[in-house]
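Every number for a ligand or one of its atoms is a count from 1 in the order of the listing.
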Amino acid sequence: MTKRLYFEDPYRTEFEARVLDRRTAGGRPALVLDQTCFYPESGGQPFDLGSLNGVEVVEVVEDAEAILHVLKSQVEADAVKGRIEWKRRFDHMQQHTGQHILSQAFVEVLKGETKSFHLGGDSSTLEIGIGTVSDESLERVEGRANQVVFEDRPVKTRFVPPDRIAEVPLRRPPKVEGVIRVVEVEGFDWSACGGTHVGRTGEIGLIKVMGWERIRGNLRFGFVCGARALAEFQARNRVVRDLAGKFNIQAGDVPVFVERLGAEAKESKRRLKKLEETLAGYEAGEFVAKAEGRLVKTVLAERGPDAARALALAVIRKGEFIALIGARSESRSHLVMARSESIGVDLRPLAAELASLMNGKGGGSPSLVEIAGDLSADLDAVLLAAAAKLKI
Ligand SMILES: [Zn+2]
């Protein structure tokens, strides 16, 4: 019904057409034309964007033999001038042709068959029928794919009748019957495909696999081609360069440096915890000496929940006490309550009451509870309320 001009010339961006039918799609007006450059969503490739007589085309969908151009608002004329958004189209051509080459490279290098393909807004994915892959074998696949790019091979399309299709060494059997559109990356890959592709492989620029994940017992690879590959390289290079600059090291030294930093942070945390415990022992002695009765309560300045816990435990080791210790971390206020074994009271019901005062949550055992609440909670007032409730 609609002549697909992108089959003959995927580089064509402007065309004139007659309106054959007017329909609606999702509550919007949609035109069927006698011919079009607009590619409709199909075969894993998204639709083109652009305009008809200056009115925005928001979606292009296939409906049997017709292509529906879904419009932002109605176009009254029966003859239209169409224009597709070239940047988006060329991006799709780069990704899609890159996919054909990458699929065949997986077959050649790892005997990996393509199970599915999806061209997304940021990156594209390729599901390959293999269970595992090493960095080395994946680099061999990328190497082969990019060799085909650098050789700047022609990409040719032709229609093949059903009785001749057996002569074409297709990578996958066609999904449709009848006349088949064959896309050939010269001498390398033959695919049955209705999408848009670049004229020569050199236009893809670069094919890069970014990562992979397991799916249905296969591996699904994310990859980028052309301008997307450049954008990815720029973004990642900026991250590495900034990291290296911040620590005044070479970019290549970043992994070793970060690993060392992580180990040092872990060791520092361990030592700090020991110091907190030692300090808590001394502090507990002072608090116990000036305690009124069996209650020890205080709010620590510029110390976190670990210090509060260490102090509370150190206090109850000094004798028969209940310790109520408040502290603040970067984003929360904290309260630790601990009691000596000889004092039989269950602290958990009290913790629930205090938690509501702090707009937070608490929990623990009958003899040790911890509460975390809003940073703005008035810890001194909470401690007074707790002391009043405890009555010891
Ligand atoms: Zn294709």
Selection residues 233-242 - residue pairs positive for salt bridge (charged side-chain N to carboxylate O under 4.0 Å, His left out), sequence neighbours left out: Glu232-Arg236

Protein N, O or S atoms lying under 2.8 Å from the Zn ion (ligand 1), listed by chain and number: His96 NE2, His100 NE2, Cys193 SG, His197 NE2

Nearest heavy-atom neighbours spanning Ala66 and Thr2: CA-OG1, 4.2 Å

For residues 209-221, run the donor-acceptor check on the side chains, cut-off 3.5 Å, and write out each pair with its distance to 0.1 Å, sequence neighbours left out.
| unit_1 | atom_1 | unit_2 | atom_2 | d |
| --- | --- | --- | --- | --- |
| Glu213 | OE2 | Arg220 | NE | 3.1 |
| Glu213 | OE2 | Arg220 | NH2 | 2.8 |
| Arg214 | NH1 | Gly131 | O | 2.6 |
| Arg216 | NE | Glu127 | OE2 | 3.3 |
| Arg216 | NH2 | Glu127 | OE1 | 2.5 |
| Asn218 | ND2 | Glu127 | OE2 | 2.8 |

Residue pair Leu230 / Lys208, side-chain heavy-atom distance below 4.5 Å: no

Within 45° cone and under 6.0 Å: Lys290 NZ/CZ vs Phe287 ring: yes

Any residue meeting side chain to side chain donor-acceptor pair (under 3.5 Å) with His96, in chain and number order, not counting sequence neighbours: Gln45, His100

